[in-house]
There are 2 protein chains.
Amino acid sequence: MSSVKKQLFEQLANIAQAISSPQRLELLDYLAQAERSVEELSQLTGLSLANTSRHLQVLKQNALVEVRKDGNKRLYLLAGNDVVNLITSLRKTAETHLAQVEFLLDSYLTQKDKLDPISADQLMEMSQNGEVIVVDVRPEKEYRQGHIPHAINIPPEDLDRRLNELDNSKTIVAYCRGPYCLFSYDAVEALQKKGVTAHRLVDGFPEWKAAGRPTTEKSQS
Amino acid sequence: MSSVKKQLFEQLANIAQAISSPQRLELLDYLAQAERSVEELSQLTGLSLANTSRHLQVLKQNALVEVRKDGNKRLYLLAGNDVVNLITSLRKTAETHLAQVEFLLDSYLTQKDKLDPISADQLMEMSQNGEVIVVDVRPEKEYRQGHIPHAINIPPEDLDRRLNELDNSKTIVAYCRGPYCLFSYDAVEALQKKGVTAHRLVDGFPEWKAAGRPTTEKSQS
DNA sequence: TAACTATTCAATTAATCAATTGAATAGTTT
DNA sequence: AAACTATTCAATTGATTAATTGAATAGTTA
């Protein structure tokens, strides 16, 4: 193989190496929802500060994340939506071929995946018809940094209290961080128990955004 | 993070680890075109037989390739089109963010990328109008195992001799193994020098196929 | 059955990766 | 300027990966 082609494969291998660590995948998952500081990421993941910083350097050197300064804080963010697409491809390959993944998903989402999830295309159509209430069940910080237009934010810790506020005559669609996030499952299950027509969106917000669909940072009020 | 989610990330990380080696990426590139034996792959890549086998075990354990027996030969093949999509995502991320990749591509494809490449969608449309001749410039073995319907096979070693055979009144589109493959560049350049309207397809055959577009194994005659 | 072809496995060595600990750096606050 | 907050870096240790070499395994052929 030509020297140049070999070097191109080495570059691709470097990126794959950067995401070959479960810890770095988790960091990317959190950064897909919102930009965050090293300290915050350390707390979310349970990694030491030094180790969190080390992993972020690896991601930065391979151009998967960028960093901006805010006072003495460094805020990390994804380098682009293509990084979301890369992780999505990785997840789809794992789900398609690895029995262990299927097994884990079955134990993780017991009975839950049978909640009539709807696709992003379906939601786009329903939204245009005005027949749906969209609920973002991620933490408020993530909601504020970007969400589906007109979505209402009900963070996980407020689920029990605030689901009663919703207009029961409309169909409700809840979405979350991504396919492995349980918050939207919990919300839909609770709503269905109250007799409300509710569904969960298949994708998380990052996948919705990476597909070029409309997003906003405007508050709902 | 919950134990199950952590295990899911570990599984994704295992797949990323499997493609974090330039040698395994090269093996996957060859397997994207056609199923091949260990011996053939060893010759194509220059790796020792034992090392080739070792790398294939890693790919197989992470469900990126499958193997079938043909006499005493083991023929390896890609596990699915999603593997092609994964490598495509990897390549796009690298091309988008890594300056080194841009630099390598510039030196590798000097002046060549300015050959008015056309997209798969454009080719689909032109094919339906019957106004185009499609040329597959991969080796015959790869052509035989799958190609775009009606495509003519002109392997790299026959380019100089057989380009004269083509109907000069039609537009010619050449495609190859993928974006890093030079054969289609060479073909288009040679044809344009003869005054023929020729383009190269942006994607390689594996990307075309992975997108669900029509393919066949039928010979052209 | 022996010889051959094709491939995998095990042991070894060298290189690389991951986490910890302590030191160093940089911006902000008092 | 000192103290504080936030973050990165270097050295060290242990674990993992990659390639080679030789042995072992499996199917086919004579």
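Every chain is numbered from 1 and lettered A, B, ... according to where its sequence line falls, protein lines coming before strand lines.
- In this structure, Leu75(A) places its CG atom 12 Å from C1' of dT7(D), rounding to the nearest Å.
- Nearer to the 5' terminus of DNA chain C, by closest-nucleotide assignment, is the contact made by Leu47(A) (compared with the other of Leu47(A) and Gly71(A)).
- Set against dT20(D), dT17(D), dT7(C), the side chain of Ser48(B) has dT20(D) as its closest nucleotide.
- Distances were taken from every side-chain heavy atom of Glu39(A) (C-beta onward) to each of dA6(D), dT21(C), dT20(D); the shortest belongs to dA6(D).
- At least one side-chain heavy atom of His97(B) sits less than 4.5 Å from a side-chain heavy atom of Asp82(A).
- Each of dT20(D), dT20(C), dT7(D) was ranked by its minimum atom distance to the side chain of Ser53(A); first place goes to dT7(D).
- Between Lys73(A) atom NZ and dT5(D) atom P the separation is 12 Å, expressed in whole Å.
- The distance between atom CG of Leu41(B) and atom P of dA6(C), rounded to the nearest whole Å, is 14 Å.
- Taking 4.0 angstrom as the limit, Gln23(A) places none of its side-chain polar atoms (N or O) nearer than this to OP1 or OP2 of dA18(C).
- For dA18(C), the OP1/OP2 oxygens have a side-chain nitrogen or oxygen of Arg24(A) closer than 4.0 Å.
- Counting to the nearest Å, the P atom of dT7(D) and the CG atom of Asp70(A) are 10 Å from each other.
- If you measure from atom CG of Leu56(B) to atom C1' of dT17(D), you get 17 Å, rounded to the nearest angstrom.
- In this structure a side-chain-to-backbone donor-acceptor pair under 3.5 Å is missing from Ser53(A) to Ala50(A).
- Going from atom NZ of Lys69(A) over to atom P of dT25(C) covers 15 Å, rounded to whole Å.
- Under a 3.5 Å cut-off, the side chain of Asn153(A) and the backbone N or O of Pro139(A) do not form any donor-acceptor pair.
- As judged by a 4.0 angstrom heavy-atom cut-off over every strand, Leu49(B) is placed among the base-contacting residues.
- Under the 3.5 Å distance criterion, the side-chain polar atoms of Ser42(B) are matched with a main-chain donor or acceptor of Leu47(B).
- In the set dA19(D), dA18(D), dC9(C), dA18(D) carries the atom at the smallest distance from any side-chain atom of Gln17(B).
- Residue Tyr76(A) has no polar side-chain atom (N or O) positioned under 4.0 Å from OP1 or OP2 of dA6(D).
- The CZ-P distance, from Arg54(A) to dA11(D), rounds to 13 Å in whole Å.
- In the set dG27(D), dT5(D), dT8(D), dG27(D) carries the atom at the smallest distance from any side-chain atom of Asn72(B).
- As a whole-Å value, the separation of Gln61(A) CD from dC9(D) P is 8 Å.
- Formation of a donor-acceptor pair under 3.5 Å by the Gln145(B) side chain with backbone atoms of Glu35(B) is found in this model.
- Thr52(B) comes within 4.0 angstrom of no nucleic acid atom, judged by non-hydrogen atoms across all strands.
- Of all nucleotides listed (dA18(D), dT8(C), dA19(D)), dA18(D) comes nearest to the side chain of Ser21(B).
- Between dG27(C), dA18(D), dA18(C), one nucleotide has an atom nearer to the side chain of His55(B) than all others, and that is dA18(D).
- Separation of atoms CG (Leu28(A)) and CZ (Phe9(B)) is listed at 8.5 Å; rounding is to 0.5 Å.
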